[in-house]
Amino acid sequence: MKCPKCKADLFTFSIDGIDIEQCNKCEGMWFTKDELRKVKDKADSDLNWMDFEIWKRTDKFKIKSRKYNCPDCNDKLEVLDYDNTNIEIDYCKTCEGVWLDKGETEKLIETLEEELLNKSLGDYVKATLEEAKELINH
């Protein structure tokens with residue numbers, strides 16, 4: 001697998017038992033479907049209930065096309081500017097993989113932790129009920 005940005009080889013390493021691909025040159029990381037959520041949940045267990053399924057949160061993103069191709073399926077990646085942060089998430093709609101540049105994984109987790117701290121009790125209850133509803137409907 002090749003880096004979508006600099007075309008260097010990606011190598012596999014483990015974050016808390018989750019295998020992630022990383023670029024030797026630019027240090028960006030490739031997360032296949034659902035791996036980013038798992039890494040987020042392992043990084044901070046308080047974030048477990050916070051839904052971070054990119055394709056379900058279009059209200060949080062500005063979407064634009066990217067010239068880079070997905071390292072997994074070779075389709076064009078889309079850029080999602082995450083909710084008034086400086087984080088650009090490169091996302092593949094086809095395989096649902098995510099590319100994050102060096103340092104963006106940590107910034108994303110910090111942003112979610114700040115969002116969690118700013119939620120009200122009503123927000124917690126609403127999110128819990130929505131999560132329960134999704135579990136029942138699946």
Side-chain angles (χ1 to χ4, degrees):
M1 205 179 284
K2 299 282 186 188
C3 174
K5 299 209 171 173
C6 66
K7 305 300 181 216
D9 287 330
L10 301 181
F11 70 95
T12 302
F13 77 102
S14 182
I15 299 176
D16 293 322
I18 303 160
D19 288 340
I20 306 297
E21 283 69 44
Q22 184 171 27
C23 179
N24 279 323
K25 189 173 177 184
C26 70
E27 298 181 31
M29 289 191 272
W30 177 250
F31 299 86
T32 59
K33 181 180 178 177
D34 208 36
E35 286 178 340
L36 183 56
R37 182 196 56 79
K38 290 176 184 176
V39 168
K40 176 226 13 134
D41 290 350
K42 292 266 187 172
D44 186 339
S45 61
D46 290 334
L47 297 177
N48 284 351
W49 72 274
M50 290 188 71
D51 188 18
F52 189 68
E53 294 184 53
I54 293 169
W55 51 95
K56 290 185 178 181
R57 299 293 309 267
T58 55
D59 62 312
K60 293 276 189 185
F61 298 103
K62 296 174 196 157
I63 301 172
K64 56 187 174 189
S65 283
R66 175 71 90 183
K67 63 182 177 182
Y68 304 118
N69 290 350
C70 172
D72 205 15
C73 70
N74 207 36
D75 280 353
K76 289 285 182 204
L77 295 174
E78 292 186 349
V79 179
L80 310 171
D81 291 328
Y82 186 69
D83 197 29
N84 298 320
T85 67
N86 291 324
I87 302 169
E88 286 190 342
I89 297 170
D90 295 292
Y91 174 68
C92 180
K93 287 192 323 184
T94 304
C95 70
E96 299 179 1
V98 173
W99 178 265
L100 293 175
D101 294 331
K102 180 180 179 180
E104 287 182 333
T105 305
E106 295 83 5
K107 286 181 194 175
L108 188 58
I109 290 169
E110 288 170 12
T111 298
L112 290 171
E113 288 172 333
E114 287 175 26
E115 187 178 326
L116 178 64
L117 291 173
N118 291 319
K119 291 219 179 275
S120 68
L121 179 58
D123 292 333
Y124 285 113
V125 171
K126 180 181 176 187
T128 302
L129 291 173
E130 287 174 2
E131 184 93 8
K133 183 179 172 183
E134 280 189 33
L135 289 173
I136 291 169
N137 291 330
H138 285 13

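Model, not experiment: these values are computed from the prediction.
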Under 6.0 Å from the NZ atom of Lys7, do we count more than 12 heavy atoms belonging to anything else shown? yes

Lys5 vs Asp90 side-chain heavy atoms within contact, under 4.5 Å: yes

I want to check something: taking the side chain as every heavy atom from C-beta on, are Pro4 and Asn69 in contact at a cut-off of under 4.5 Å? no

Tell me, please, which residues at least two apart from Asp75 pass side chain to side chain contact (heavy atoms under 4.5 Å, CB included). Cys73, Cys92, Thr94

Working to the nearest 0.5 angstrom, can you tell me the gap between Lys38 NZ and Lys33 NZ? 10.5 Å

When rounded to the nearest 0.5 Å, the distance separating CG of Leu80 from CD1 of Ile87 is 11.5 Å

Side-chain touch Met1/Asp9, heavy atoms, less than 4.5 angstrom: no

Distance, nearest 0.5 Å, that separates CZ of Phe13 from CD1 of Ile18: 10.5 Å

Output for pair (Cys3 SG, Phe11 CZ), nearest 0.5 Å, gives 11.5 Å

Atom pair CE/CG of Met29 and Asp101 - distance to nearest 0.5 Å: 10.0 Å

Mind checking whether Glu88 and Glu104 have side chains closer than 4.5 Å, heavy atoms only? yes

Between NZ on residue Lys107 and NZ on residue Lys102, distance to nearest 0.5 Å: 11.0 Å

Quick check: do Thr105 and Ile20 have side-chain heavy atoms less than 4.5 Å from each other? no

Is there a donor-acceptor pair closer than 3.5 Å between any side-chain N or O of Glu78 and the backbone N or O of Tyr91? no

Test item: Trp30 and Cys23 side chains (from C-beta on) under 4.5 Å apart, heavy atoms: no

